[in-house]
Amino acid sequence: MKQLTLQPIRGVQGEIRLPGSKSMSNRVLLLAALAEGTTQVRNLLESDDTSHMLNALSILGAGIKYSDDGAYCEVKGLGGAFPESEATLFLGNSGTTMRSLCAAICAGKGRYTLTGEPRMLERPIGDLVDALRQVGAQIEYTGAEGCPPLDITACGLAGGTVSIRGNISSQYLTGMLMAAPMSLAPLTIEVEGELVSKPYIDMTIDVMCRFGIEVERSGYEWFRLPGNQAFRSPGSILVEGDASSASYFLSAGAIGGGTVRVNGVGDDSIQGDVAHAKVLEQMGANVSSGPDWIEISRGELTGIDADLNHIPDAAMTVAVTALFAKGKTTIRNVHNWRVKETDRLSAMATELRKVGASVVEGEDYIEITPPQKIQPAVIDTYNDHRMAMCFSLAALGDASITINDP
Ligand SMILES: O=C(O)C1=C[C@@H](OP(=O)(O)O)[C@@H](O)[C@H](O)C1
Ligand SMILES: C=C(OP(=O)(O)O)C(=O)O
């Protein structure tokens, strides 16, 4: 196993341009593949999750190539649902790919197996499968009930009304929304109970709108879409910088002193995770922003008690930032951390204790009391990119931090 040791970092300042948003990249790729016309996607993220989406889309028939200078990725759309074929698609541990492709595939024809890394086979998808079955999808579990692998016999989606639970992941609703225009008649999607991670739904609808599909909605309660519609390519689309990735740099600025500026996301962003800067401001950091940039510098940081359900990914960065705040920080309403790349509530509690914090791990919250002084530690990352990225910040505490499997 590789390790990365970070020597104590004494102060940070500087400016970066962010890589493309994972969430926006994967939405744009899928809709571009289904759309009429060719889309040039700029600032596409290069990552495991986007490579699983790209690979699956090319197996499903979309034409994908990079421009000679690498400036954009060109996606030649299919002009409708995926054409009839048979394929096994390996989707790694990418929730956005698994959930959105599952729904989109059901709108077409053919026989498909969707599978992934061992952890993906433990991540729930039953709420999406139940909803898709209401509109005629034929999906079987071949492993554990309620999780991938899935065997799908795609035969199109009927219209009508479908009800979907949203209390575990918003990605199920995102999947239904992006498949809905391909249904055979208008579709109304009703959300049953509480919906988590709400800003991701606004992002989904924003991207769909750029591909020519209007969604009628009542808040996060119901959504109505016309059937038999094709997405239309906007020609060219710029993927915003990744707001979740921005959170590590912004926290570094809030903790470490000098001014840090991230370019590529700001006030005009469609990503909910830009609200991470607001949380840092609430903790005492100095924040300013423009349409596509955010700048931050240190203030006296104080612990907060906050419901961070709306920013589940950046909330992990807040948890590590809490090591540098005065007093206790409580992060509430993050029960679905337990079903992501790893059980993030348990992993976070274990690793924060290694650097000396006192931690209470609740069923759906975490309470962090910082140590007098951050202890040098070897951090396990549980095959979770965000564990690696957010614990790098602990090296700002005058301690050397080794990250396992960085
Ligand atoms: O729709 C998306 O792009 C995402 C939604 C969130 O998941 P949940 O809705 O499962 O919380 C988030 O954690 C994930 O990284 C990306
Ligand atoms: C939860 C995440 O990803 P996904 O659900 O898309 O696998 C993440 O990137 O933090």
Side-chain angles (χ1 to χ4, degrees), residues 6-18 199 241-269 271-334 348 351-352 355-360 365-375 386 389-399 401:
L6 299 165
Q7 298 306 331
I9 303 168
R10 300 212 172 79
V12 288
Q13 65 169 45
E15 183 169 347
I16 59 149
R17 175 150 293 281
L18 294 160
D242 192 289
S244 319
S245 298
S247 73
Y248 312 108
F249 297 96
L250 294 174
S251 275
I255 296 163
T259 302
V260 170
R261 178 179 168 123
V262 295
N263 293 305
V265 285
D267 301 340
D268 290 351
S269 173
Q271 297 168 77
D273 270 9
V274 285
H276 177 72
K278 296 260 173 293
V279 176
L280 294 176
E281 194 168 38
Q282 196 190 335
M283 293 177 88
N286 297 309
V287 180
S288 54
S289 58
D292 65 349
W293 57 269
I294 306 174
E295 209 171 82
I296 198 152
S297 62
R298 185 176 165 74
E300 274 311 305
L301 299 183
T302 310
I304 50 163
D305 184 327
D307 178 335
L308 297 186
N309 187 275
H310 58 299
I311 54 166
D313 296 354
M316 293 175 72
T317 320
V318 176
V320 179
T321 309
L323 291 170
F324 299 88
K326 194 160 161 265
K328 186 168 80 181
T329 290
T330 307
I331 297 174
R332 298 190 188 277
N333 203 5
V334 286
M348 186 57 80
E351 303 310 309
L352 285 172
V355 294
S358 304
V359 181
V360 178
Y365 69 91
I366 187 163
E367 219 174 76
I368 303 146
T369 306
Q372 290 289 345
K373 186 172 176 342
I374 290 180
Q375 303 301 311
R386 295 200 196 284
M389 293 189 284
C390 64
F391 271 92
S392 65
L393 294 169
L396 286 155
D398 202 24
I401 299 292

Please tabulate, for side-chain N and O atoms in residues 278-291, each donor-acceptor pair with protein atoms closer than 3.5 Å (sequence neighbours left out).
residue, atom, partner, partner atom, Å
N286, ND2, R298, O, 3.0
S289, OG, D267, OD1, 2.7

Determine whether [X] and [Y] make a side-chain contact, defined as any pair of heavy atoms from C-beta on separated by less than 4.5 Å.
| X | Y | result |
| --- | --- | --- |
| M348 | V320 | yes |
| E367 | T330 | yes |
| V265 | I294 | yes |
| F324 | I374 | yes |

Which heavy atom of [X] sits nearest to which heavy atom of [Y], and what is that distance?
| X | Y | value |
| --- | --- | --- |
| T329 | G303 | OG1-CA, 3.1 Å |
| V262 | F249 | CG1-CB, 3.9 Å |
| F391 | I401 | O-CG2, 3.8 Å |
| S247 | A314 | CB-CB, 4.1 Å |
| P199 | G272 | CB-CA, 3.5 Å |
| A275 | I311 | CB-CG2, 4.1 Å |

### Task
For S269, check side-chain hydrogen bond (donor to acceptor under 3.5 Å, both in side chains) against everything at least two apart and list the hits.
E240

Looking at [atom1] of [X] and [atom2] of [Y], how far apart are the two atoms once the value is rounded to the nearest 0.5 Å?
| X | Y | atom1 | atom2 | answer |
| --- | --- | --- | --- | --- |
| M389 | S245 | CE | OG | 5.5 Å |
| N263 | I16 | CG | CD1 | 8.0 Å |
| L250 | T321 | CG | OG1 | 9.5 Å |
| T369 | K328 | OG1 | NZ | 6.0 Å |

### Task
Using only heavy-atom distances, determine whether the side chains of S251 and T317 contain a donor-acceptor pair under 3.5 Å.
no

### Message
Filter on salt bridge (Lys or Arg N to Asp or Glu O under 4.0 Å), then keep only pairs touching residues 253-262, sequence neighbours left out; what's left?
### Response
E15-R261, R261-E295

### Query
What salt bridge (Lys or Arg N to Asp or Glu O under 4.0 Å) pairs are there with at least one residue in residues 308-327, not counting sequence neighbours?
D313-R344, D313-R386

### Query
For L6, what residues pass the side chain to side chain contact (heavy atoms under 4.5 Å, CB included) criterion, not counting sequence neighbours?
L4, S392, A395, I403

### Which residues share a side chain to side chain contact (heavy atoms under 4.5 Å, CB included) with A357, sequence neighbours left out
L323, L352, V359, I368, P371

### Query
Does D307 reach the main-chain N or O of N333 with its side chain, forming a donor-acceptor pair under 3.5 Å?
no

